[in-house]
A.B. asks: 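One structure coming up, written as structure tokens, with questions to follow.
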Amino acid sequence: MLALLFIGQVKVAPIDFKLTVDGVQRTAVVYAAKKGDKPAPVVFVFHGFTGNARQAAFSYRVHEAWPEATVVYPQGLEVQLLGTKGPGWQIAPKTLGSRDEKFFDALLGKLKTDIPYDTKRVYTCGMSNGAIFSYTLLTTRSAVLAAAGPVAGIAMPGFRGAPAKPVIIIHGKADTLLKMDNAIVARDNAISNNKCSKTTKEWQPGYVLYPGAKPGVDVVWHEHDGGHIWPKDASASLVKFFKQHSL
């Protein structure tokens with residue numbers, strides 16, 4: 001029995017990625033997809049401000065919700081937000097020398113060599129500052145993304161007018177850090193970008209679907225009763241949404 005448990009642990013052991021971007025060492029924790037006949041999807045999960053990659057993997061467990069996908073938990077560098085310094089991400093295109101956009105590009109390049117993936121199924125999601133960065137990637141890296149899932153995040157003004165992409169947005173009504181009003185602005189910008197219909201329907205209980213002008217560019221919106229958190233059902237909902245979309 002112990003041998004079987006050990007084998008199971010080995011199968012899900014993460015891989016530590018190390019790479020240099022603009023002379024700075026960057027790292028990520030990667031859970032490779034279960035081997036299959038076809039290239040696997042890849043999901044990027046960006047931690048929140050002052051968080052870290054391993055904490056994100058332990059808390060959000062997207063790799064457990066979708067073992068058939070390769071899931072990447074990148075590690076942020078120091079940023080200053082709200083008067084505090086800690087690990088995090090650029091909040092808008094071309095800020096901080098585009099360091100995190102370049103990191104995303106470098107990770108895709110390393111994955112292509114080390115763990116080949118399905119280029120039509122690349123997804124980004126994140127918590128708080130990581131969600132803000134996912135909106136940034138939707139603005140600047142939309143050509144390679146199939147869909148995105150910001151959780152407890154907001155979008156900077158530059159997101160309005162971004163290319164149409166399917167988005168699932170999850171936000172807490174009691175969020176006092178990133179207020180619901182600002183999350184609604186991000187949602188409405190996504191609806192505008194995708195030219196969504198005002199006629200909505202239920203996607204799943206508690207989730208509202210705004211159909212896009214073209215098939216596959218819909219917006220899903222979920223308000224939960226909690227605060228600035230990653231809800232328990234968030235990972236499963238993100239995975240369900242991602243599975244429905246590809247380039």
Side-chain angles (χ1 to χ4, degrees), residues 5 7-17 28-48 51-75 104 107-108 111 115-131 133-135 137-138 145-153 165-172 202-209 216 218-247:
L5 288 173
I7 291 171
Q9 291 171 356
V10 170
K11 287 182 178 178
V12 297
I15 303 165
D16 291 322
F17 268 21
V29 175
V30 180
Y31 286 81
K34 290 183 177 180
K35 290 186 177 180
D37 297 333
K38 299 179 180 179
V42 59
V43 182
F44 287 84
V45 186
F46 294 95
H47 63 74
N52 62 71
R54 293 195 179 279
Q55 168 266 324
F58 178 80
S59 299
Y60 312 150
R61 299 183 182 275
V62 177
H63 58 284
E64 293 181 1
W66 199 1
E68 297 80 17
T70 291
V71 181
V72 182
Y73 299 91
Q75 176 61 50
F104 174 76
L107 284 169
L108 282 178
L111 284 169
I115 310 173
Y117 61 93
D118 185 344
T119 58
K120 292 185 177 181
R121 295 189 292 166
V122 178
Y123 309 93
T124 181
C125 61
M127 167 70 188
S128 189
N129 181 209
F133 183 54
S134 286
Y135 279 119
L137 290 177
L138 280 174
L145 291 172
V151 178
K165 285 290 170 179
V167 186
I168 178 172
I169 302 169
I170 299 173
H171 209 90
E202 185 179 75
W203 182 67
Q204 68 179 21
Y207 288 71
V208 179
L209 172 69
D218 41 306
V219 173
V220 167
W221 168 255
H222 173 57
E223 296 181 12
H224 60 86
D225 292 328
H228 195 67
I229 61 171
W230 183 285
K232 290 182 179 179
D233 70 336
S235 295
S237 298
L238 292 173
V239 169
K240 176 182 175 180
F241 185 79
F242 291 163
K243 286 181 176 180
Q244 295 174 350
H245 298 90
S246 64
L247 288 178

A.B. asks: Strictly distance-based, threshold 3.5 Å: is any side-chain N or O of K165 a donor or acceptor partner for the main-chain N or O of L145?
C.D. replies: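 Here the side-chain-to-backbone pair exists.
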
A.B. asks: Return the set of residues passing side chain to side chain contact (heavy atoms under 4.5 Å, CB included) with E223 (not counting sequence neighbours), or none when no residue passes.
C.D. replies: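 Listed in chain order: K173, M180, W221.
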
A.B. asks: Checking W230 now: which residues fulfil ring pair (Phe, Tyr, Trp, His ring centres under 6.0 Å) with it, not counting sequence neighbours?
C.D. replies: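 Y60.
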
A.B. asks: Distance check, rounded to the nearest 0.5 Å: H47 atom NE2 versus S59 atom OG?
C.D. replies: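 Interatomic distance, H47 NE2 to S59 OG, rounded to 0.5 Å: 12.0 Å.
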
A.B. asks: Tell me, please, which residues at least two apart from E68 pass salt bridge (charged side-chain N to carboxylate O under 4.0 Å, His left out).
C.D. replies: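 So E68 forms no salt bridge (charged side-chain N to carboxylate O under 4.0 Å, His left out) with any residue.
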
A.B. asks: Between M127 and H228, does the side chain to side chain contact (heavy atoms under 4.5 Å, CB included) criterion hold? Intermediate values first, please.
C.D. replies: CA-CA 9 Å; M127 167 70 188; H228 195 67; 3.8 Å; yes

A.B. asks: Side chains of L238 and V43: closer than 4.5 Å at any heavy-atom pair?
C.D. replies: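 No, too far: nothing below the 4.5 Å cut-off.
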
A.B. asks: Which heavy-atom pair separates P150 from I168 by the least distance, and what is that distance?
C.D. replies: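 Smallest heavy-atom distance, with atoms named: CD-O, 3.1 Å.
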
A.B. asks: The criterion is side-chain hydrogen bond (donor to acceptor under 3.5 Å, both in side chains); which residues satisfy it with H245, sequence neighbours excluded?
C.D. replies: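 With neighbours one apart ignored, the set is D218.
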
A.B. asks: What's the verdict on side chain to side chain contact (heavy atoms under 4.5 Å, CB included) for V208 and V220, showing C-alpha distance, side-chain angles and the deciding distance?
C.D. replies: CA-CA 6 Å; V208 179; V220 167; over 6 Å; no

A.B. asks: CD1 of I170 to NE2 of H224: how many Å apart, nearest 0.5 Å?
C.D. replies: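 Output value for this atom pair is 7.5 Å.
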
A.B. asks: What is the minimum heavy-atom distance between A147 and F241, and which atoms define it?
C.D. replies: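 Closest approach of A147 to F241: CB-CE2, 4.0 Å.
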
A.B. asks: So I169 and Y135, do their side chains get closer than 4.5 Å, heavy atoms only?
C.D. replies: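 Answer yes - side chains close enough.
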
A.B. asks: Dump the intermediate steps for side chain to side chain contact (heavy atoms under 4.5 Å, CB included) on V72 and F17, then the final yes or no.
C.D. replies: CA-CA 9 Å; V72 182; F17 268 21; 5.8 Å; no

A.B. asks: Would a 4.5 Å heavy-atom cut-off, applied to side chains only, mark D16 and R54 as touching?
C.D. replies: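 Touching, per the 4.5 Å side-chain cut-off.
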
A.B. asks: Checking the side chain of R121 only, and the main-chain atoms of A69 only, is there a donor and an acceptor separated by less than 3.5 Å?
C.D. replies: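 Checking the backbone N and O of A69 against the side chain of R121, no donor-acceptor pair under 3.5 Å is found.
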
A.B. asks: Restricting to non-hydrogen atoms, name the atom on D118 and the atom on P41 that form the minimum distance, rounded to 0.1 Å.
C.D. replies: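 For D118 versus P41, the nearest heavy atoms are CB-N, 4.4 Å.
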
A.B. asks: Any chance you could measure Y207, atom OH, to K240, atom NZ, to the nearest 0.5 Å?
C.D. replies: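 Going from OH on Y207 over to NZ on K240, the span is 9.0 Å.
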
A.B. asks: Just verifying a value: how many Å separate Q204 CD and S237 OG, rounded to the nearest 0.5 Å?
C.D. replies: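 Output value for this atom pair is 4.0 Å.
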
A.B. asks: List for me each residue that meets ring pair (Phe, Tyr, Trp, His ring centres under 6.0 Å) alongside F133, sequence neighbours excluded, and say none if there are none.
C.D. replies: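 F46, W89.
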
A.B. asks: Name the orientation class of the two ring planes belonging to Y73 and Y31 (parallel below 30°, tilted from 30 to 60°, perpendicular beyond 60°).
C.D. replies: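 Ring orientation of Y73 relative to Y31: perpendicular.
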
A.B. asks: List in chain and number order the residues that pass ring pair (Phe, Tyr, Trp, His ring centres under 6.0 Å) with Y117, two or more places apart in sequence or in another chain; answer none if no residue qualifies.
C.D. replies: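 With neighbours one apart ignored, the set is empty.
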
A.B. asks: Of all heavy-atom pairs between G126 and S134, which one has the smallest distance, and what is that distance?
C.D. replies: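 Minimum heavy-atom contact is N-OG, 3.8 Å.
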
A.B. asks: With rounding to the nearest 0.5 angstrom, report the OG to NZ distance, S246 to K120.
C.D. replies: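 Going from OG on S246 over to NZ on K120, the span is 7.5 Å.
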
A.B. asks: Please round to the nearest 0.5 Å and tell me the distance separating atom CH2 of W66 and atom CZ of F242.
C.D. replies: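 CZ of F242 is found 7.5 Å from CH2 of W66.
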
